**Q** 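Next up is a structure, given as structure tokens.
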2 protein chains.
Amino acid sequence: MTARTSPEASRDIPEATVARLPVYLRALTGLVEAGTRTCSSEELAGAAGVNSAKLRKDLSYLGSYGTRGVGYDVDYLRYQIAREIGVEQDWPVVIVGIGNLGHALANFSGFRSRGFRVVALLDADPSRHDEVVAGIDVRPFADLEAIVREHGVAIGVIATPAVAAQDVADRMVGCGITSILNFAPTVLSVPTGVDVRKVDLSIELQILAYHEQRKAQGEATPATTGPGDPAHHELVREETA
Amino acid sequence: MTARTSPEASRDIPEATVARLPVYLRALTGLVEAGTRTCSSEELAGAAGVNSAKLRKDLSYLGSYGTRGVGYDVDYLRYQIAREIGVEQDWPVVIVGIGNLGHALANFSGFRSRGFRVVALLDADPSRHDEVVAGIDVRPFADLEAIVREHGVAIGVIATPAVAAQDVADRMVGCGITSILNFAPTVLSVPTGVDVRKVDLSIELQILAYHEQRKAQGEATPATTGPGDPAHHELVREETA
DNA sequence: TAGATTGTTAATCGATTAACAATC
DNA sequence: TAGATTGTTAATCGATTAACAATC
């Protein structure tokens, strides 16, 4: 791997901070594109949607990349965060399951610009092996091992139906993949040392529904109204105004 | 809204617990479908991918729905959690932005079974207004207000490009939507009282990349290897085995 | 009654935040 | 020097976990 420039600074970054670094990176990229050379923690925090105390605390885990009284050099800080995350280099990824969602993921242009390169699309369904999606051939799932070996893939994306996901994960782990992004609505079981992150549409919506329900409860509650009922809606409107 | 059966039990559920309730709900639905009548916290926790102490603590915020020495009635607990989340009723949602991702979301079958009903697909691009996606007409974005009023929509999904997302959010908020699920890679600014949840592919992958990079650092580090390099891959494989 | 399992307590851990000394 | 802003401290808050009394 690339030589480390600041070997000790990167130890033990809290997980909550790690999850925000990509947000800061994106905000900084926006500032670079807007031609901004320098920014304060206040400005950057605003762009990232956090408060400035949290931002400064987060950045302090990486090192001291700002200048007191001045702020941060946008481009320099962007580079340092990208390096810390590890996206100065390109990570090869495979996507398994080329249904509607797999199509959308394969066509997602943000991959390339943000440190990732889709090296293969795999699907178990032979009828999809003729397709070319986003300029990439869809290949049989059986090719997984060969592709992972050939490209040194460490990150896999699962976009299959729920029933297939555990099998796909097992095969991925079996051939050396140690990070999985799972879009299938299942709990995956993987050995220690393998990271799984989950993106789940229903869960996100249900979390919103929970809070929405409670907002509605805070209002006057005519027994006959509810979400989906136009009368209910007017109440929501008042609360928001 | 529907009358509350246990008015005091649902106050102040911690956010971390709220985020896990949908996971428990899904696990319970799986158990119901498998014909399981009763389960212990240990079993349910296993199915949900958490430890049993956390599960019991979480459930304790809802009330006492288990029986000591016996466990939980699967169907009864499933109902109580669904009611608590608010998905015993159907929430009408609109999806704005019918590109690749919007297509995938519109076709996502889990909506219906999990408490949501897509009542409209909207897109600003007139060339898409002929399309029918998942049996639903794609309509002009200008119809948003009328649709929200007609169906009492409280939850909106944004699947547009990043540049359009803030405008879409403003319009949604303006016509009474108070919960937004945002797939566009932008920080949305919304007034207090409006909930936004964000799903961001690049961020998830970058979080994985960070950990992946650190796994690689723990190994022997021949200066010339890195991810994407087959030699590197063999090292990853050893760590996982 | 004996065994099993919940619901709760209390200790621990991690994350957030405001305040401010350091310093440009 | 005076004003601005970082990096850090310390207090607070929230989440996790193990242990166990309650009780079926």
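Predicted model, so just to flag it, every value in this text is computed and none were measured. Quick note on labels: first sequence line is chain A, next is B, and so on, each numbered from 1. These numbers come from the heavy atoms of this one structure, side chains and all, not from hydrogens, waters or symmetry mates.
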**Q** Decide yes or no for Arg114(A) and Phe108(A): does some side-chain heavy atom of the first lie under 4.5 Å from some side-chain heavy atom of the second?
**A** yes

**Q** Please list residues of residues 39-48 of chain A whose heavy atoms come under 4.0 Å from any atom in DNA chain C, ordered by number; otherwise none.
**A** none

**Q** Tell me whether Glu88(B) is salt-bridged to Arg78(B), with the criterion being a basic N under 4.0 Å from an acidic carboxylate O.
**A** yes

**Q** Flag the pair Leu62(A) / Ile13(A) as yes when at least one side-chain heavy-atom distance between them is below 4.5 Å, and no otherwise.
**A** yes

**Q** Are the side chains of Ile207(A) and Glu15(B) in touch, meaning some heavy atoms are under 4.5 Å apart?
**A** yes

**Q** Can you list the residues that meet the side-chain contact (heavy atoms from CB on, under 4.5 Å) rule with Arg171(A), with sequence neighbours excluded?
**A** Phe141(A), Leu144(A), Glu145(A)

**Q** Between which residue ranges does DNA chain D form stems of three or more consecutive Watson-Crick or G-U wobble pairs, both distances under 3.5 Å?
**A** C:3-24 with D:3-24

**Q** Is there a side-chain contact between Ile177(A) and Val148(A), using heavy atoms and a 4.5 Å cut-off?
**A** yes

**Q** If you look only at pairs with a residue in residues 188-200 of chain B, which of them pass as a salt bridge (charged side-chain N to carboxylate O under 4.0 Å, His left out), with sequence neighbours excluded?
**A** Arg26(A)-Asp200(B), Glu204(A)-Arg197(B), Lys215(A)-Asp195(B)

**Q** Going 5' to 3' along DNA chain C, which are the first and last nucleotides with any atom under 4.0 Å from a heavy atom of chain B?
**A** dA4(C) to dT9(C)

**Q** Using only heavy-atom distances, determine whether the side chains of Thr178(A) and Glu212(B) contain a donor-acceptor pair under 3.5 Å.
**A** yes

**Q** Heavy atom of residues 49-59 of chain A under 4.0 Å from DNA chain D: which residues?
**A** Arg56(A), Lys57(A)

**Q** Does Thr186(B) use its side chain to pair, donor to acceptor, with the backbone of Ala162(B) at less than 3.5 Å?
**A** yes

**Q** With heavy-atom distances below 4.5 Å as the criterion, would you say the side chains of Thr38(A) and Thr67(A) are in contact?
**A** no

**Q** For a quick test of reading the model, state the closest non-hydrogen atom pair linking Val187(B) to Gly49(A) and the distance between them.
**A** CG1-CA, 3.9 Å

**Q** Checking side-chain contact (heavy atoms from CB on, under 4.5 Å) for the pair Asp73(B)/Tyr65(B): CA distance, chi angles, key distance, verdict?
**A** CA-CA 8 Å; Asp73(B) 180 290; Tyr65(B) 296 132; over 6 Å; no

